[in-house]
Each structure stands twice: as C-alpha cells, then as structure tokens.
Amino acid sequence: MTDGETETEVLEIVREVLDVDPVRPEDDLFALGFTSLAIVKTAARVRERLDAELPLSAYFDAATVADLVAAVVAVRPR
C-alpha cells in the first residue's frame, strides 16, 4: 500500500468513526470531535485495516489527520 493509499484509508476511517464529511488531511482531529472513545475505535480500525499498531498516545499526539497518517506510515511494514 502506498502512502497515498494509506492517507485515503485513514481519511475514510476518521470519516466513519466521527461521522463527519468531508475530512481533509489538514483538519484538526479534536475540532472534528476526536474523543478518547473515538481514538479507541480509530485505533482498532487502523490496526485491522492497515496492520499498523500505534500506541494510543500517538492518536492523542496527532493534531491533524495528516499527523495521524504520518504516524501510521511510520509504523507500517514495508
């Protein structure tokens, strides 16, 4: 999976979990409604769909969707 495909999938996961559309890479996750419950749901979907295991702290540290994508790309097997 390319980085662009990873970004597309993360955007889709965030859309699903937060029930917000559109979602853009530059969007602030917490302004969109990212809560601790949403983080747990997002983490489960990222793990399942993208085979990326991130610590929950990485989700809290990601200010934007793009930050979250970068964190996922960094841990995904190549």
Side-chain angles (χ1 to χ4, degrees):
M1 181 175 279
T2 67
D3 292 354
E5 291 169 329
T6 300
E7 177 180 80
T8 300
E9 190 63 30
V10 171
L11 287 166
E12 181 60 28
I13 290 168
V14 171
R15 273 189 208 98
E16 291 171 6
V17 170
L18 299 179
D19 195 26
V20 174
D21 195 30
V23 175
R24 297 174 309 263
E26 65 274 9
D27 286 341
D28 181 302
L29 286 165
F30 296 95
L32 291 175
F34 219 40
T35 63
S36 55
L37 180 58
I39 286 172
V40 170
K41 289 179 179 180
T42 301
R45 292 179 192 198
V46 165
R47 184 174 44 256
E48 179 182 297
R49 293 188 202 172
L50 298 172
D51 192 29
E53 186 71 41
L54 292 165
L56 290 179
S57 62
Y59 293 89
F60 284 101
D61 292 342
T64 65
V65 179
D67 293 339
L68 182 55
V69 170
V72 170
V73 166
V75 300
R76 287 207 64 231
R78 293 279 174 180

Report the distance from atom NZ of K41 to atom CZ of R45, rounding to the nearest 0.5 Å.
-> 7.0 Å

Euclidean distance, L18 CG relative to L32 CG, rounded to 0.5 Å = 6.0 Å

Provide the closest heavy-atom pair for P25 versus L11 in the form atom of the first, atom of the second, distance.
-> N-CD2, 3.9 Å

Mind checking whether V72 and V46 have side chains closer than 4.5 Å, heavy atoms only?
-> yes

For A38 and G33, work out which heavy atoms get closest and say how close.
-> CB-O, 4.4 Å

Compare every heavy atom of A52 with every heavy atom of V75, then report the nearest pair and how far apart it is.
-> CG2-CB, 3.9 Å

Roughly how far, to the nearest 0.5 Å, is OG1 of T6 from CZ of R49?
-> 13.0 Å

4.5 Å side-chain heavy-atom contact, D61 and D67 | no

Answer yes or no: are there more than 12 heavy-atom neighbours, outside D51 itself, under 6.0 Å from its atom CG?
-> no

For the pair Y59 and F34, name the ring-plane relationship: parallel under 30°, tilted 30 to 60°, perpendicular over 60°.
-> tilted

Neighbour count >12 (heavy atoms, 6.0 Å) for atom CG, D21 = yes

To the nearest 0.5 Å, what is the distance between CZ (R76) and CG (D3)?
-> 9.0 Å

What's the shortest heavy-atom distance between T2 and E5, and which atoms?
-> N-OE1, 2.7 Å

Decide yes or no for E26 and T64: does some side-chain heavy atom of the first lie under 4.5 Å from some side-chain heavy atom of the second?
-> no

Do L29 and T42 come within less than 4.5 Å of each other through their side chains, counting heavy atoms only?
-> no

Does any non-hydrogen side-chain atom of R15 lie less than 4.5 Å from one of E12?
-> yes

